[in-house]
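Numbering starts at 1 and runs along the sequence shown.
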Amino acid sequence: MYKLRPYQNEAVASVVKHFRRHKTPAVVVLPTGAGKSLVIAELARIAKGRVLVLTHVKELVEQNYLKYKSYDLVAGIYSAGLGRKEKSEKVIFSSIQSVARASEDFFENFSLVIVDECHRISLDEKTQYQQVFDILKKKNDKVFFLGLTATPYRLGMGWIYNYHYKGSLKSEGDCFFRDCIYELPLSYMIDNGYLTRPVKIDSPVACYDFSKLELDKKTGLYSISDIEEILKDNERVTPGIIGHIIETAQERQGVMIFTSTVRHAREILGLLPLGQSEIVTGDTPIKERDEIINNFKDKKIKYLVNVSVLTTGFDAPHVDLIAVLRPTESVGLYQQIVGRGLRLAANKEDCLILDYTGQGHNLFSPEVGDIPPDKESVPVEVPCPECGHNNLFWGKVDDEGEVVEHFGRKCRGAHEDPVTLHIEACGFRFRFKICEDCGAENDIAARVCNGCDATLVDPDKKLQEAMKLTNAHVLRVDFMDFMKTTDRKGRERLEIRYYDYDGQFLAEFYFLNGKSSQLAFYHNFVRPHLKYPGRVYDSLDIDRAILLKDHFRTPKFVIARKVERYWKIREKVF
């Protein structure tokens, strides 16, 4: 009988508490090596009705089943890959591929469905998961759904749930899971001795230059053809990298090498010691793959090269060297890869991490969930001025680590109404588009106003239309300058000039001599211009505004209209 660790007991308790009040599908997030199998086993053991445990690979089906059996309890397996199709037991461990082909009578009387590696669930109704869920709900409309994962997001889609129990709205879009009800950071596991400490080694040899790679904005992935092109340009680097791995691995028990493409993997295999190395790809036949993996686990081979197939559902605790030779699209994927070497094992003090990508991922960095706007962006914490929630956005910091700019649009703070159980979002907008008809603030990408349903004109369209008008002046901004000037009556004012590349400029003026004029300046200039939106500067005088001029972002274009003899700025495009 296994004894649950404290955090595993907490995870189980959070599930019980949630399903006593809610029917909404929920997620538990535990890092690689945290023992999700034991949490699943305990939940299946205490469940009153029938339990179906689903996952996507037979290795995880068997692993979860064996943990449950350790309680001296009986369970069934429904998996073609494992050669078993049992239907009658209270608890069934199964692969989604096999269940999707099961007959109608298989689905009777399940009250709890647990999905391991649940980040693989898509909302597409044609997928096997959704088809299976539909049948289960038809058989029992009170069935509960629980997911477990180490990475609660899908590249190109974002977070797989809406609401985090610590008061954060992660996604406003459609998600199969509504709630994340428990999460444990990787740092906790390492600091408390539940995982092996990773030791990242700065490579003394040349790295691949993946700096030119750009993420696809829709999929969140790198292009294989782009990776191949870079590897071709860096082909002389590979022998030196493999030589360094072999040298570093002399006193190591097991080495996993994560590669970019099949061609890349085969090239690497040809440089590794003969008889000590094997390769696994998505095309490796199942029987051959099983044999290779078993030989690696039994330490009959030392080096295992793979291409995107062993990032989840693979358990070889003796691995004590991870070599990363592929670009990783997110810190989550990087954590999955490194996690293969963090399990505890005999005669294992640490796990060396050799990263030859030059990307510089931080293993303990939190996942923002969005594609970074540029390569210099880092995760930053931004408190909301309305609800106080600490948001995690992409942003930029100075040399002292202070946040100087962020790219968050809307506060993610939220809470659950204790009576209705509905999620109430804060809704404060850091960046916004103002409706010309009703003045409501909208998301910068919105096409229809959320206040009056008016059509919002795209800034690029405004720009194109202004360029066609004779009474409009469009200026492409090179830089912005602040200065104190006076009007004809001798009154001091703040003059802000927008210069183009030829030195021409357009200007706007603000009198900051009272509360009303300061608030007007705040709403008309400060809020839309802030590099760090959310900071409140509603009582600036002229000297203070000039001192803080580096806090404001420069628009790409300003559009002015002729008013009598002068140009008056009407629009700004950032």
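- Partners of Phe176 by ring-ring contact (aromatic ring centres under 6.0 Å, His included), not counting sequence neighbours, listed by chain and number: Phe133, Phe145.
- Distance check: Tyr65 OH to Ile92 CD1 gives 10.0 Å after rounding to the nearest 0.5 Å.
- With a 4.5 Å cut-off on side-chain heavy atoms, Tyr334 and Ile353 count as touching.
- Each of Asp191, Asp320, Asp350 was checked for a salt bridge (Lys or Arg N to Asp or Glu O under 4.0 Å) with Arg197, and the lone residue meeting it is Asp191.
- A side-chain contact (heavy atoms from CB on, under 4.5 Å) with Arg326 is found for exactly one of Ile337, Thr357, Thr261, namely Ile337.
- At a threshold of 4.5 Å between non-hydrogen side-chain atoms, the residues Asn362 and Val378 do not count as touching.
- Taking every heavy atom of both residues into account, His361 and Lys200 meet most closely at O-NZ, 3.2 Å.
- Atoms OG and CD1, on Ser260 and Ile224 in that order, are 7.5 Å from each other to the nearest 0.5 Å.
- Within the 4.5 Å cutoff, side-chain heavy atoms of Arg340 are placed close to those of Thr32.
- Around the CD atom of Glu291, the shell of radius 6.0 Å holds no more than 12 heavy atoms that belong to other residues, nucleotides or ligands.
- In the model, Ser103 has a side-chain atom that pairs as donor or acceptor with a side-chain atom of Asp105 under 3.5 Å.
- Considering all non-hydrogen atoms of both residues, Val331 and Pro366 come closest at CG1-O, 3.9 Å.
- Taking the six-membered ring wherever Trp is involved, the centroid distance between the rings of Phe177 and His119 does not fall below 6.0 Å.
- Note that CD1 of Ile121 is 8.5 Å distant from CG of Leu54, once rounded to the nearest 0.5 Å.
- The line from CG of Leu352 to CD1 of Ile245 is 11.5 Å long, rounded to the nearest 0.5 Å.
- His18 and Tyr165 share no side-chain donor-acceptor pair at under 3.5 Å.
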